[in-house]
Amino acid sequence: MSVTVDGDKSGLVPVRVRRILRGPRPENVPAHVGTACTAIGLIDIAAGVFPRFRTSRMHAVAEVLPGTLGPLSAALSLSAGVLLLLLAHGLKRHKRRAWRAAVVLLPLGAAAQFVWRHSALGALLSLALLTLLVRHRNEFAALPDPRSRWRALANFVLMGAGSIALGLVIVSAHPHRVIGNPSLADRLEHVLYGLLGIEGPVAYTQGVDWTVGYSLGALGMLTALTTIYLAFRPEHPAARLTDDDETRLRALLDQHGGRDSLGHFALRRDKGVVFSPSGKAAVCYRVVSGVMLASGDPIGDVEAWPGAIERFMDEAKAHSWTPAVMGCSETGGQVWTRETGLDALELGDEAVVDVADFSLSGRAMRNVRQMVKRIERNGYTTQVRRVRDLDDDELERVRRAAADWRGTDTERGFSMALGRIGAPGDGDAVIATAHKTDDTDTPHGDLKAIIHFVPWGPDGMSLELMRRDRSADPGMNELLIVAALQASPDLGITRVSLNFAMFRAALARGEKIGAGPVLRIWRGLLVFLSRWFQIESLYKFNAKFQPRWEPRFVVYRKSRDLPRIGLAAMQAEGFVNLTPPRPFTRRRPTPAPRPCAHITPAPTTDHEVRAA
């Protein structure tokens, strides 16, 4: 149905027809083009590999799809399919270089269709897609991602494995044209030789041998060219905190550091930073797998937060990164969602202990009190000092012990870990150490456990890491936390932030009487995952000290981005490692824990789940 208003003749055209004639919305063009390239690439590969596919009805469809080269040859079709698959993801992410490659490839495909197959329809559709790309070229303006030489090695391994697998399919796709009965080893040898452009041991009837040879050669050439390109292109290293950035951030923390317990962790060297136009606020971030991941609240004056957030979003848009924030406070979540239109989801709770309210007396603290007294009777003593009060020799001994006691080769932590002890400018940090004077035969003497706190404004501190000697008695973490809380008044500390407990509310409500079936199932899943990630045990460990719980949130753009953001967060925290291993690196042996009757549910290696 169409309606004409005040002589407007456009009303004579139905709304749906007008929408089709207008084409897709500009912001949706990259997604549509990327999806089309994926489908066309798969059809091209199928047309190049399977001989029957080219004579089927699907081949008739493939001939009129943009970018397909079915009529040319199996090798050209296969090459075009692989290239289109490689370009699809970049086009969906608005990448400028992917757009340039597609603009070059589509006219070649159109010319091939028209010259070799005389397919005017296929050429027109290819040119139509090219017109769409040129018309909406401003949508493809994303800058390159941070990259290194390791990308070339990863490409060689993945493309090589894929070429070998696809090559085996090509060699086996002509069973009636094979001379003899070659074994799997012969076929694999034929593929490996073919990727290098050398004739292999498998023989075919006339005509098919050229098709197989050209197809394998094309795969080998693509693997070599893409690897060479990635190896010799200019590096774009990930953003790092410069000395000037650190100086500006420390100035902001001196004025506003008491607002967020995660503020000091913004000084990690492996984070980048964007400042507001006024310089009064900043957002620190790291890019992981295409996700621009910020942590905590912005640093600085709340009034200047919107300017820093706008710069953060502009940077994410310029590179087509997925913006996300892990572990921001309720105030931070409100500002992020208001200024950007993003959404927020409660991630868990941070345990904060008010020093004035802490006491070991009472039934609720019975278990902690008994454990601390038992350890003290076994001859352990504690010391709680500012980092600046340690001499150089003792500070170096603490650093070596922290490195030796780390339970993994990877230094874990991102949003709630600093990754260093006693660096210049960190003199206000607090170190609590446990000692046993009658046991000095270990490499670190009488030192048995370490807890490191970073400043949280002038009157607070935030737990950064917990490490202990595996031969020490259980309960070292409880002993040192209690010692730090008891020594806090002398240090001018009124509040202490402990570990971050993921999904604490679900765990707490799910174990209560009257919890619904959905909540119980969700809690059961979290308990199951706690076998690998310290979720329930960390919550129970924090609850021992009777803290108040401060909710923390994850800020995201779309619900479908959450799995990707979760994976990026796990990579940043060190729980998942998707980067190629460094060659010639000696693996440090992990000391075996001493068996004991009582096992403390607290973390005993590095500060593992300070942030999820």
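No hydrogens, no waters, no symmetry mates; every other heavy atom, side chains included, goes into these values.
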Fill in: Trace of the side chain to side chain contact (heavy atoms under 4.5 Å, CB included) decision for I164 with L195
CA-CA 8 Å; I164 292 174; L195 293 177; 4.0 Å; yes
Practice prompt. Could you go through the salt bridge (charged side-chain N to carboxylate O under 4.0 Å, His left out) check for D426 and R420 one step at a time?
Written response: CA-CA 9 Å; D426 293 336; R420 62 178 185 263; 3.0 Å; yes
Worksheet item: Where is the tightest heavy-atom contact between I565 and P323, given as atom of each residue plus distance?
Response: CD1-O, 4.4 Å
Worksheet, complete the sentence: On a heavy-atom basis, the closest approach of G296 and C328 is O-CB, 3.8 Å
Worksheet item: Taking all non-hydrogen atoms of both residues, which atom of A304 and which atom of S278 are closest, and how far apart?
Response: CB-OG, 4.0 Å
Worksheet item: Any side-chain heavy atom of F553 within less than 4.5 Å of one from P551?
Response: yes
Discussion item. Test your reading of the model: is there a side-chain donor-acceptor pair from R557 to the backbone of A324, 3.5 Å cut-off?
Written reply: no
Practice prompt. Determine whether the side chains of T322 and D561 contain a donor N or O and an acceptor N or O closer than 3.5 Å.
Written response: no
Discussion item. Are L463 and V454 packed together at the side-chain level, in the sense that at least one heavy-atom pair is separated by less than 4.5 angstrom?
Written reply: no
Discussion item. Once rounded to the nearest 0.5 Å, what's the spacing between atom NZ of K280 and atom CZ of R248?
Written reply: 13.0 Å
Worksheet item: Under a 4.0 Å N-O cut-off, is there an ion pair linking R269 with E246?
Response: yes
Response to the item:
dist D254:CG -> L249:CG (nearest 0.5 Å) comes out at 11.0 Å
Fill in: Polar side-chain atom of R259 near backbone of G300 as donor-acceptor pair, under 3.5 Å
no
Discussion item. side-chain hydrogen bond (donor to acceptor under 3.5 Å, both in side chains), that's the test. Do E350 and S261 meet it? Break it down for me.
Written reply: CA-CA 9 Å; E350 178 187 11; S261 64; 2.4 Å; yes
Discussion item. Using a 6.0 Å distance limit plus a 45 degree cone around the ring axis, check whether R311 lies over the aromatic ring of F275.
Written reply: no
Worksheet item: Taking the side chain from D297 and the backbone from S329, do they hold a donor-acceptor pair closer than 3.5 Å?
Response: yes
Worksheet item: Would you find a donor on one side and an acceptor on the other, under 3.5 Å apart, between the side chain of D428 and the backbone of P455?
Response: no
Would you tabulate the side-chain donor-acceptor contacts of residues 330-339 under 3.5 Å, counting partners in other chains and residues two or more places apart, or write 'none'?
from, atom 1, to, atom 2, distance (Å)
T337, OG1, G333, O, 2.8
T337, OG1, Q334, O, 3.1

Item to complete: Report the C-alpha separation of V352 and L498 in whole Å, then their side-chain angles, then the decisive distance to 0.1 Å, and conclude whether the side chain to side chain contact (heavy atoms under 4.5 Å, CB included) test is met.
Response: CA-CA 6 Å; V352 178; L498 299 181; over 6 Å; no
Discussion item. Between R467 and A402 (side chain of the first, backbone of the second, donor and acceptor by atom type, cut-off under 3.5 Å), is there such a pair?
Written reply: yes
Worksheet item: If you round to the nearest 0.5 Å, how far is CZ of R504 from CD of E346?
Response: 8.0 Å
Worksheet item: Is there side-chain contact between L293 and M326, with at least one heavy-atom pair below 4.5 Å?
Response: yes
Discussion item. With a 4.5 Å cut-off on side-chain heavy atoms, are F500 and N542 touching?
Written reply: no
Practice prompt. Take D245 and K271, measure what salt bridge (charged side-chain N to carboxylate O under 4.0 Å, His left out) needs, and give me the verdict at the end.
Written response: CA-CA 10 Å; D245 292 336; K271 289 184 177 181; over 6 Å; no
Discussion item. Angle between ring planes, Y285 versus W321, binned at 30° and 60°: parallel, tilted or perpendicular?
Written reply: tilted
Discussion item. When you measure from the side chain of E464 to the backbone of H452, do you find a donor-acceptor pair of N or O atoms at a distance under 3.5 Å?
Written reply: no
Discussion item. Minimum heavy-atom separation for L347 and G327, please, with both atom names.
Written reply: CD2-N, 4.5 Å
Worksheet item: Sub-3.5 Å donor-acceptor pair from the side chain of W456 to the main-chain atoms of S462, do we have one?
Response: no
Worksheet item: With a 4.5 Å heavy-atom cut-off, do H256 and I299 have their side chains touching?
Response: no
Worksheet entry | Under 3.5 Å donor-acceptor, R250 side chain and G425 backbone | yes
Worksheet item: Do L262 and S295 have side-chain heavy atoms sitting under 4.5 Å apart?
Response: no
Worksheet item: Is any side-chain heavy atom of Y556 less than 4.5 Å from a side-chain heavy atom of L345?
Response: yes
Worksheet item: Stepwise, does the side chain to side chain contact (heavy atoms under 4.5 Å, CB included) test hold for V273 with L241?
Response: CA-CA 7 Å; V273 61; L241 209 63; 3.8 Å; yes
Fill in: Euclidean distance, T247 OG1 relative to L267 CG, rounded to 0.5 Å
10.0 Å
Worksheet item: Between the side chain of R268 and the main-chain N/O of A417, is any donor-acceptor distance below 3.5 Å?
Response: yes
